[in-house]
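Reviewing the structure listed below.
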Number of protein chains: 2
Amino acid sequence: MGYETGDGTVGKALGVLDHVASFGRPVRFSEVLTQSDLPKPTLYRFIQSLTNQNMLSYDPDRQTYAPGLRLLRLAHSAWEQSSLAPVARPFLDALSNEVGEAVHLAQIDNGQVLFIDKRKAQAGFDTLAQAGQVAPAYCTGVGKVILAYMDDARRTRALQQQAFLAYTAATHTSVATLEREFDAIRAEGVAFDREEHEAGIISIAAPILTHGDRVIGALSIATTTQRHCINGLGGFRATLSETAVKIGAEARSWQSPTTV
Amino acid sequence: MGYETGDGTVGKALGVLDHVASFGRPVRFSEVLTQSDLPKPTLYRFIQSLTNQNMLSYDPDRQTYAPGLRLLRLAHSAWEQSSLAPVARPFLDALSNEVGEAVHLAQIDNGQVLFIDKRKAQAGFDTLAQAGQVAPAYCTGVGKVILAYMDDARRTRALQQQAFLAYTAATHTSVATLEREFDAIRAEGVAFDREEHEAGIISIAAPILTHGDRVIGALSIATTTQRHCINGLGGFRATLSETAVKIGAEARSWQSPTTV
DNA sequence: AAACAAAGTTTCAAATAATGAAACTAGTTT
DNA sequence: AAACTAGTTTCATTATTTGAAACTTTGTTT
């Protein structure tokens, strides 16, 4: 899986960037090399170029590479220019205050859930879901609700990118059982995460739609089983859905020609 | 200014990415083209590749390009793997609580100040709305203190990248006057921003050093002239410097072989 | 200290991919 | 319908990437 769909040199270089980032820690050149199918000098030059460009940073003491600072600047720009994140911000604040639980805003990137923004619960367990963090789509509330509302072509493609790893006993481990849930999700208008990704963590998620039907993201309220049961979370459905609808409407008008 | 130091195709493509991001809003292909020295098909293909790769996102309704979601994921990874940001986080929390003013953590990227983490005066969140922001180095507290503690080679290069635009009446508008201040900064151990970037905003900044002398970033306390005068800010010097030293020590030990 | 091993870097001819002038298509305006 | 503009494709030329091999540097073992 990944982006390597033959975008020439650029695609290869970005593949290397992802590869380095995927280690989750600073890595040496040789470590990357052993896991790469690129020949040594080729990989070497890509890493050199990326380092020159500040897309990677190099620690001379430890001789390791890690994703570079330039990415922060670019991501900041991406966040601000996103048609969803800045629009949704005040709604997240309001919802977070109202329900007193963790609130997450997510989109799909390359088949994975990508958290765009979050609010912590006041009582403060840390969901670790910071902006930029990724999670699987098939076993999270936001992921499942986005999948359920996608058009068939995109969903088919996204489903092929799911790993179906059993994180907990409740995790879907095949396309079949997951697809069966999609009808229920569309009927209810929300998806639940019943400890499918992490034991003790549950959530309720609603889709964010523009132009009435196209799903552009999802909003969720997440909590622990110690604080709420699934039925209790269901009590947030009206508030959550209303907020998601408002964000969708706002995002839509923001995109309309009138504003610019 | 920029990174275009002949890193072949990769460098050019990343130049295009920066270019698109620099608009600060979604742009059409033709808008980029008029400001680019690349021929039409070349620019077109770069934008296509970057879009394929999710480094740019394309809005089909408005036919515009903006920095893409993939950057958020990569930046999250960059932040977490940075040798400074995760280490400094608890110290920022503590300092912010103690002084009750805005606290900033910054590094230098391509001659510019890049904010790695922030704490608001009241109580806020550190999403990418804040981290990833850039500011000029020559007229900010964090920028000046980093420049003052850089080695000569790096400082010379960084100074060439400064625009010396007069944001306010107090802004340094030439290398000469700025360089004169560096001695004072090194003597005092902190730099002040005396409304040099924005009227009404002042700050005190201390360098973060590893291995005793190499500057890897800066920490600042920022406030408004309505709340404090420069002398009042000076009262934070001891606390600020102590925190900066602690962060430096921690970052250093984090990098040392013992931890891994 | 010498020999060895491993990691990192450079070379250079061959292979491949990028290039850009021009042509073409789709959508708008006159 | 013609003229114009923005976006897209073509294709021969050109420049860049490629990778086996050689080389250098760094660290480890004898």
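As the structure is a computational prediction, the values presented were derived from the model and not from experiment. Here is how names work: the chains are called A, B, and so on, in the same order as the sequence lines, proteins then strands, and each is numbered from 1. Atoms considered below: every heavy atom in the structure, side chains included; atoms not considered: hydrogens, waters and symmetry mates.
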Among dA6(D), dT9(C), dA7(C), which nucleotide has an atom closest to any side-chain atom of Y65(A)? dT9(C)
What string of B, S and - do you get for nucleotides 16-27 of chain D, 5' to 3', if B is base contact, S is sugar-phosphate-only contact and - is no contact with any protein heavy atom under 4.0 Å? SSBBBB------
Residue pairs fulfilling salt bridge (Lys or Arg N to Asp or Glu O under 4.0 Å) with at least one residue in residues 153-163 of chain B, sequence neighbours excluded: D151(B)-R154(B), D152(B)-R155(B)
Aromatic ring pairing Y138(B)/F164(B), orientation class (parallel under 30°, perpendicular over 60°, tilted between): tilted
Rounded to the nearest angstrom, tell me the gap between atom [atom1] in [X] and atom [atom2] in [N].
X	N	atom1	atom2	value
L14(B)	dA18(C)	CG	P	14 Å
Y58(A)	dG8(C)	OH	P	7 Å
L33(A)	dA6(C)	CG	C1'	12 Å
N52(B)	dT8(D)	CG	P	12 Å
Q48(B)	dT19(C)	CD	P	14 Å

If we ignore angles and hydrogens, is there a donor and acceptor under 3.5 Å between the side chains of S49(A) and Q53(A)? no
For N110(B) and N54(A), does a side-chain donor sit closer than 3.5 Å to a side-chain acceptor? no
Return the minimal non-hydrogen interatomic distance between L92(B) and L219(B), and the atom names on each side. CD2-CD1, 3.1 Å
Side-chain N,O (Y44(A)) to OP1/OP2 (dT10(C)) below 4.0 Å: yes
Below the 4.0 Å mark, does dG7(D) have OP1 or OP2 next to a side-chain nitrogen or oxygen of S30(B)? yes
Measure from NZ or CZ of K118(A) to the centre of the six-membered ring of F115(A), then state whether that distance is under 6.0 Å and the direction lies within 45° of the axis. no
